[in-house]
There are 2 protein chains.
Amino acid sequence: MDERQALSAFSALSQETRLSIVRMLVVAGPEGVPAGTIAERMNLSASNVSFHLKELDRAGLISQRRQSRSIVYTAGYDALAELVTFLMEDCCAGHPTIRNSVDQQDACCPTSELIEQDDIRA
Amino acid sequence: MDERQALSAFSALSQETRLSIVRMLVVAGPEGVPAGTIAERMNLSASNVSFHLKELDRAGLISQRRQSRSIVYTAGYDALAELVTFLMEDCCAGHPTIRNSVDQQDACCPTSELIEQDDIRA
DNA sequence: TCCATATTTCAATATTCCTTGAATAATTGA
DNA sequence: TCAATTATTCAAGGAATATTGAAATATGGA
């Protein structure tokens with residue numbers, strides 16, 4: 001994932017409705033959720049949801065399939081994972097040891113890639 | 001990090017100039033970069049860069065300190081790491097095994113948290 | 001103190017994005 | 001084929017964001 005794609009993904013996720021939709025789809029799993037159900041659950045108009053779904057699709061964060069009359073949307077786990085990777089790379093760029101001071105969750109950089117003492121001169 | 005904070009972070013990162021600034025600061029490390037230097041390197045007006053820096057600061061993605069006449073900005077590694085964690089949680093929510101099919105980089109979910117066979121019915 | 005430097009703030013404009021409701025398209029069952 | 005269901009597209013208006021240049025603020029040195 002390059003900066004351009006990441007920008008597109010961040011833009012898509014930077015809107016309340018869209019972030020909620022993505023989270024709903026992630027929780028729903030590969031089964032997905034039809035557009036109408038999304039609108040219903042979120043109390044939004046069909047056209048508004050459609051607008052945001054298109055935006056998410058453009059960013060490659062979701063995919064869709066027709067199932068009878070409904071169009072069922074699913075989270076794009078691949079794209080989300082790539083975004084995580086992009087962020088991690090950024091987070092670690094040139095300064096792998098920084099991660100250690102970050103938090104207790106090993107959120108940034110796999111431990112195996114850490115360098116013992118990366119002397120950073122301030 | 002809750003959805004609200006994540007939204008704020010995504011918004012901040014969803015703008016070309018700001019994403020570039022963050023990446024520049026990450027690469028620069030804890031030493032940071034003065035506002036003027038950022039503007040210079042990116043060929044942008046001082047006021048424009050200032051506007052975007054304020055936005056990034058509001059989202060908690062950078063921090064600043066005065067150093068003589070300059071104001072030096074640094075990447076907020078903590079916040080970036082938290083955003084990674086937020087994304088990972090989303091990515092894995094309720095469907096830990098999905099990660100395996102994602103990519104070769106173990107981007108999503110620590111391996112230790114994987115469940116052997118999480119039967120997902122489509 | 002006065003001037004130069006470094007940056008921010010402000011106001012105005014331009015641009016982009018979101019929401020709404022009406023119209024259009026696709027699918028299924030009677 | 002007709003009507004009902006499900007969704008998308010379109011155009012218009014409103015809201016939020018970005019850019020610009022000028023003015024204001026803070027710092028440090030002569």
Side-chain angles (χ1 to χ4, degrees), chain A residues 3-25 28 31-76, chain B residues 3-25 28 31-76:
Chain A
E3 186 160 337
R4 211 182 144 58
Q5 290 175 295
L7 191 61
S8 166
F10 285 134
S11 295
L13 295 173
S14 74
Q15 208 276 341
E16 197 172 2
T17 301
R18 288 195 294 262
L19 184 55
S20 295
I21 290 176
V22 167
R23 302 191 88 191
M24 180 192 294
L25 293 180
E31 188 178 346
V33 184
T37 305
I38 297 173
E40 204 175 292
R41 285 197 202 157
M42 302 188 66
N43 265 324
L44 296 170
S45 74
S47 75
N48 192 12
V49 165
S50 189
F51 169 82
H52 288 304
L53 286 171
K54 203 172 91 180
E55 214 63 16
L56 288 169
D57 185 62
R58 192 177 305 180
L61 293 175
I62 60 174
S63 56
Q64 64 203 88
R65 66 175 194 277
R66 180 174 279 277
Q67 191 170 294
S68 172
R69 286 183 218 171
S70 300
I71 292 180
V72 177
Y73 286 87
T74 14
Chain B
E3 186 160 338
R4 211 183 143 58
Q5 291 174 294
L7 192 60
S8 166
F10 286 135
S11 295
L13 295 173
S14 74
Q15 208 277 341
E16 197 172 3
T17 301
R18 289 196 294 262
L19 183 56
S20 295
I21 290 177
V22 167
R23 302 191 87 192
M24 182 192 292
L25 293 180
E31 187 179 347
V33 184
T37 306
I38 297 172
E40 204 175 291
R41 287 197 201 157
M42 301 189 67
N43 265 323
L44 295 170
S45 74
S47 75
N48 192 11
V49 165
S50 187
F51 169 82
H52 288 303
L53 286 171
K54 203 171 91 179
E55 215 64 17
L56 288 169
D57 184 62
R58 192 177 306 180
L61 293 175
I62 61 174
S63 55
Q64 65 204 86
R65 66 177 194 277
R66 180 173 279 279
Q67 191 170 293
S68 172
R69 288 183 218 172
S70 299
I71 292 180
V72 177
Y73 286 88
T74 11

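Order of the sequence lines sets the chain letters (A, B, ...), proteins ahead of strands, with each chain counted from 1.
Atom CD1 in B:Ile21 sits about 11 Å away from atom P in D:dA18, given to the nearest Å. Distance CG (A:Leu7) to P (D:dA18): 11 Å, rounded to an integer number of Å. In this structure, B:Leu19 places its CG atom 17 Å from C1' of D:dT17, rounding to the nearest Å. Nucleotide C:dC10 holds its C1' atom 13 Å from the CZ atom of B:Phe51, rounded to whole Å. Distance, B:Asn48 CG to C:dT7 C1': 14 Å, rounded to whole Å. Across the protein-nucleic acid pair, B:Arg18 atom CZ and D:dT19 atom C1' stand 12 Å apart, rounded to whole Å. Note: CD (A:Glu16) to P (D:dT17) measures 12 Å, nearest angstrom. Taking atom NZ on B:Lys54 and atom P on D:dA18, their separation rounds to 12 Å, with Å as the unit.
Between the CD1 atom in A:Ile62 and the CD atom in A:Glu55 there is a gap of 10.0 Å [rounded to 0.5 Å]. Once rounded to the nearest 0.5 Å, the distance linking NE2 of B:His52 with CD of B:Glu16 reads 10.0 Å.
Within the 3.5 Å criterion, the main-chain N or O of A:Ser8 finds no donor-acceptor partner in the side chain of A:Arg58.
The side chain of A:His52 contributes no N or O atom lying less than 4.0 Å from OP1 or OP2 of C:dC17.
Considering A:Leu56, A:Val72, A:Asp57, A:Leu53 as possible partners of A:Gln64, the one that fulfils the side-chain contact (heavy atoms from CB on, under 4.5 Å) test is A:Asp57.
Checking B:Pro34 against A:Ser11, the closest nucleotide of DNA chain C that is more toward the 5' end is the one next to B:Pro34.
Across B:Ala12 and B:Leu61, no two heavy atoms sit closer than the pair CB-CD1, 3.7 Å.
Comparing C:dT7, D:dT9, C:dT9 against the side chain of B:Ala46 picks out C:dT7 as the nearest. Out of C:dT9, C:dC18, C:dT7, the shortest distance to the side chain of B:Ser47 is found at C:dT9.
At least one side-chain heavy atom of B:Glu3 sits under 4.5 Å from a side-chain heavy atom of A:Ser20.
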Result block: side-chain N/O donor-acceptor pairs under 3.5 angstrom for residues 34-47 of chain B, not counting sequence neighbours:
| unit_1 | atom_1 | unit_2 | atom_2 | d |
| --- | --- | --- | --- | --- |
| B:Ser45 | OG | B:Asn48 | N | 3.1 |

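Backbone-only engagement by B:Gln15 is indicated by non-hydrogen atom pairs under 4.0 Å involving sugar-phosphate atoms exclusively.
If you check residues 66-75 of chain A against DNA chain D, the residues with a heavy atom closer than 4.0 Å are A:Arg69, A:Ser70, A:Ile71, A:Tyr73, listed by number.
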